[in-house]
Q: 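One structure follows; several queries about it will come next.
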Amino acid sequence: MDMSEYKEIFKAESEEHLQQLNDSLLGLEQNPNELEYINTMFRSAHTLKGMSATMGFNTISELTHEMENLMDMVRKSQVEVSNSLIDILFECLDTLEALVETVDSEEEVDIGHLQATLTQAMEGSMPVQDIKGSVASSIDTIENEISKEIPEVPEAEENESKPEIVPVADDIELSDNDKKAIKEAVNEGNRIVSMKVILDESCVLKSARSTLVLINVSKMGEIIKCVPTEAELEDEKFDLDFTVIFATKSADEDIVGTIKKISEIKDVIPSTIAESDGKQEAKKENEEKEDSEAKKSNSAVKRPDAVKSIQSVRVNIERLDNLMNLVGELIINKIRLNQLASDLNAKDLDESLANLDRLTNEIQTEVMESRMVPIDQIFSRFPRMVRDLAKSEGKQINLIIEGKEIELDRTVLDEIGDPLVHLLRNAVDHGIESEKERKELGKPPAGMVRLAASRQRNSVLIEVEDDGKGMDPAHLRDIAVKKGIMTRDEVDKLSDNDALNLIFMPGFSGAKVVTDISGRGVGMDAVKTKIEALGGSVKISSVVGQGSIMKLQLPLTVAIIQSLMVTVTGETYAIPLGNVIRDVGIKASDIKTIEGKEVIMLRGEVLPLLRLHDVLECPTEEEEKQNLIVVVVEKMGSNIGLVVDELLGQQEVIIKSLDNKLLKNMKGFAGATILGDGSVALILDIATLI
């Protein structure tokens with residue numbers, strides 16, 4: 001049997017089990033007496049062993065088998081949880097991760113030293129049983145656990161009350177499985193609704209409307225039957241009406257209101273075909289009170305003939321990327337059609353395009369949502385990393401993680417891993433003091449590092465905070481002068497906030513000793529470059545003796561952005577709205593010059609000005625305009641005014657990367673986009689432009 005097609009599935013599922021093993025082992029290290037951690041590890045290792053053996057990956061199977069034996073002895077109190085045992089298991093996990101990552105290569109990895117170490121750990125505390133006995137006992141334990149987790153399903157009593165099923169339409173037949181699904185849903189306190197949906201006669205995309213109806217119904221309950229079937233609805237093999245039978249706890253008025261929000265729905269007619277009676281509910285509540293644990297266990301078991309509908313599927317990343325590109329092309333063509341319709345001034349065409357615009361926006365939203373991934377996929381890596389760093393530094397660190405459920409576009413998520421590693425390493429190495437220093441300062445012996453994510457309108461804010469020594473602006477000024485980055489006169493003119501931003505300068509490092517963790521002056525510069533390349537920003541605040549906070553502001557996606565469209569010398573440019581503060585009109589006579597640079601007073605503050613035609617090296621008119629338009633943008637916490645010729649308004653643009661060898665490394669541009677008239681506009685990258 002050719003197993004090559006299953007390798008990607010094996011790798012994806014193995015990574016989930018390895019992450020579970022890592023998390024549980026970290027928990028066991030903090031709470032050695034909590035055996036639930038070791039039970040969870042045992043189950044994950046056992047599953048991984050079976051999967052790898054099935055695929056023929058014998059090295060992985062052998063190593064997990066030895067780990068399983070050791071964990072079984074820990075469960076039986078034959079081996080004590082110690083620091084050395086934790087270290088051995090972590091080393092095994094690191095090796096397993098490497099083995100899973102390289103399953104495609106034929107190179108063999110020697111795990112003999114790990115197997116020998118695991119054997120020593122087992123023999124060192126085994127009182128009576130030998131290893132073979134331990135393995136046999138391990139198998140018995142697994143079988144006992146499986147039998148406990150799958151209790152017998154009691155047969156239905158003869159006098160058990162049955163839900164009364166009201167006959168549905170003559171052309172709808174309920175199979176035995178449908179009736180059993182209805183019975184189970186009613187026993188769980190639901191009512192069964194047969195809902196007839198009638199579409200408008202003018203509806204063009206019947207399949208799209210029916211799909212939206214089913215999506216909304218699935219949010220309110222569980223679909224039991226569709227007439228016609230879902231496949232026939234998708235192929236538009238029906239007239240203007242269809243029926244959905246589903247289990248729900250929602251009221252009829254809520255159902256009708258939700259479905260009628262979908263456009264081109266003429267009518268919604270719900271009717272109840274089955275529901276639970278009060279006696280049955282009271283009986284169920286009494287049974288739960290008498291034996292809540294047993295009831296909970298039994299309720300988790302599905303009847304063998306009740307097939308659970310599939311709620312999610314695995315999709316290859318490349319397919320999502322291709323779908324995103326196609327949506328981008330669709331939006332570009334939509335903008336083009338809107339432009340043509342505006343020129344033709346045809347009312348009928350405008351109405352059709354309004355529907356197309358709405359449909360395109362819905363498709364775009366769904367595709368964007370499908371690309372969103374919980375940030376926990378990145379955050380889950382860091383507890384182990386911080387634990388290892390703290391141990392190598394001889395420090396105690398309490399890592400606090402918040403906002404793991406926040407979602408980001410997969411592309412953005414892939415890019416922020418390295419910056420977060422740099423920030424966390426700096427927090428452990430530079431930020432948190434040694435245990436001795438913290439005691440002398442009256443601080444708790446264990447330092448605190450906080451990693452938090454939160455949603456901020458159309459962006460995500462990630463904070464890395466520590467309660468360490470903080471950063472002294474005066475000390476940073478001295479380092480900048482010593483390293484020749486700036487002169488003494490230049491650093492003396494810097495505000496404290498600007499002095500803190502010196503750490504983002506290339507080659508800047510405050511470390512006295514270069515270590516494997518930090519001190520080479522490349523980390524923070526890399527963080528700034530990477531985040532700004534994503535269209536985000538980095539801000540820093542610090543108090544000497546109290547700690548520091550790094551704030552990363554990130555866009556939800558880097559594929560489609562809202563932009564302010566402007567013209568400079570006849571050319572159109574896009575400025576990402578995330579950078580725009582406001583736009584103002586000024587008079588040329590209001591411009592002042594300070595040290596050779598143009599500025600204006602705006603709302604009581606001095607605002608530096610940059611003329612975009614100078615920055616972009618565009619030709620200008622001989623006569624200078626008396627009334628100027630200024631777009632105020634933000635960079636690194638400071639505001640700057642960009643002088644443009646004209647504002648064209650806000651527009652959603654698709655970012656196309658500059659892949660050409662001559663253009664992709666050019667500073668000042670984040671990419672390009674195609675406008676409604678077919679022309680190309682460059683998207684300005686404020687971070688590198690000014």
Side-chain angles (χ1 to χ4, degrees), residues 26 374-390 392-393 395-408 412-433 438 443-444 446-456 459-473 476 497 500-505 508-511 515 517-556 636-637:
L26 286 167
I375 206 168
D376 184 42
Q377 292 203 13
I378 293 291
F379 280 13
S380 61
R381 305 177 191 172
F382 298 131
R384 168 70 188 282
M385 186 194 80
V386 170
R387 176 257 182 198
D388 291 345
L389 289 176
S392 66
E393 291 285 294
K395 298 177 180 178
Q396 295 184 43
I397 305 290
N398 289 330
L399 177 63
I400 301 170
I401 295 181
E402 300 172 358
K404 294 188 292 185
E405 71 285 354
I406 300 296
E407 292 186 333
L408 268 175
V412 179
L413 201 64
D414 285 346
E415 298 294 331
I416 65 171
D418 288 341
L420 290 177
V421 167
H422 284 305
L423 295 180
L424 289 169
R425 283 174 176 265
N426 278 350
V428 174
D429 191 30
H430 293 310
I432 303 297
E433 309 93 337
R438 292 182 68 85
K443 292 184 176 182
M448 182 277 295
V449 175
R450 174 176 162 270
L451 176 62
S454 58
R455 182 75 177 264
Q456 308 283 322
S459 64
V460 168
L461 176 66
I462 299 178
E463 296 177 295
V464 179
E465 178 185 3
D466 67 75
D467 66 347
K469 64 185 72 171
M471 288 180 279
D472 185 356
L476 297 178
N497 186 58
L500 290 175
N501 285 319
L502 286 171
I503 66 170
F504 297 113
M505 300 289 288
F508 188 96
S509 176
T515 67
I517 298 176
S518 59
R520 293 179 175 82
V522 295
M524 298 309 296
D525 176 41
V527 170
K528 175 177 174 292
T529 302
K530 179 66 73 175
I531 298 303
E532 291 183 346
L534 291 171
S537 62
V538 185
K539 293 182 181 179
I540 180 174
S541 59
S542 184
V543 178
V544 177
Q546 296 183 23
S548 305
I549 304 179
M550 295 284 182
K551 297 182 178 180
L552 312 183
Q553 196 86 23
L554 292 161
L556 291 176
M636 297 295 294

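Nothing fancy with the numbering, it's 1 onward along the sequence. Both backbone and side-chain heavy atoms feed into the values below; hydrogens, waters and symmetry mates do not.
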Q: Can you tell me how far the CD1 atom of Ile406 sits from the OG atom of Ser454, to the nearest 0.5 Å?
A: 6.5 Å

Q: Sub-3.5 Å donor-acceptor pair from the side chain of Ser541 to the main-chain atoms of Ser548, do we have one?
A: no

Q: So do Arg438 and Ile432 actually touch side chain to side chain, heavy atoms under 4.5 Å?
A: yes

Q: Between atom CD of Glu463 and atom CD of Gln553, what is the distance when rounded to the nearest 0.5 Å?
A: 9.5 Å

Q: Measuring from Lys528:NZ to His422:NE2, what's the distance to the nearest 0.5 Å?
A: 14.0 Å

Q: CD1/Ile378 to CG/Leu408 distance, rounded to the nearest 0.5 angstrom?
A: 9.5 Å

Q: Do the side chains of Leu389 and Ile397 get nearer than 4.5 Å, heavy atoms only?
A: no

Q: What's the shortest heavy-atom distance between Leu26 and Arg384, and which atoms?
A: CD1-N, 3.5 Å

Q: Within a strict 4.5 Å, meaning less than it, do heavy atoms of the Ile503 and Met550 side chains meet?
A: yes

Q: Grab the two heavy atoms, one from Leu424 and one from Phe382, that are nearest each other, plus how far apart they are.
A: CD1-CG, 3.4 Å

Q: If we only count heavy atoms from C-beta on, is the Glu465 to Met448 side-chain gap below 4.5 Å?
A: yes

Q: If you look at every heavy atom in Leu500 and Pro473, which pair is closest and at what distance?
A: CD2-CG, 4.3 Å

Q: Check whether any side-chain heavy atom of Ile462 sits under 4.5 Å from a side-chain heavy atom of Leu451, and report yes or no.
A: yes

Q: May I ask you to test the Ile540-Met471 pair for a side-chain heavy-atom distance under 4.5 Å?
A: yes

Q: Measuring only between side-chain heavy atoms, which start at C-beta, is Leu552 closer than 4.5 Å to Leu423?
A: yes

Q: If only atom types and distance count, is the side chain of Lys395 paired as donor or acceptor with the main-chain N or O of Gly447 below 3.5 Å?
A: no

Q: Of Lys443, Glu433, Gln546, which is the lone residue that meets side chain to side chain contact (heavy atoms under 4.5 Å, CB included) with Lys469?
A: Glu433

Q: If you measure from CD on Glu415 to NZ on Lys530, what distance do you get to the nearest 0.5 Å?
A: 4.0 Å

Q: So, applying side chain to side chain contact (heavy atoms under 4.5 Å, CB included) with Ile375, which one of Ile401, Leu420, Leu554, Leu413 is it?
A: Leu413

Q: Any chance you could measure Thr529, atom OG1, to Met524, atom CE, to the nearest 0.5 Å?
A: 11.0 Å

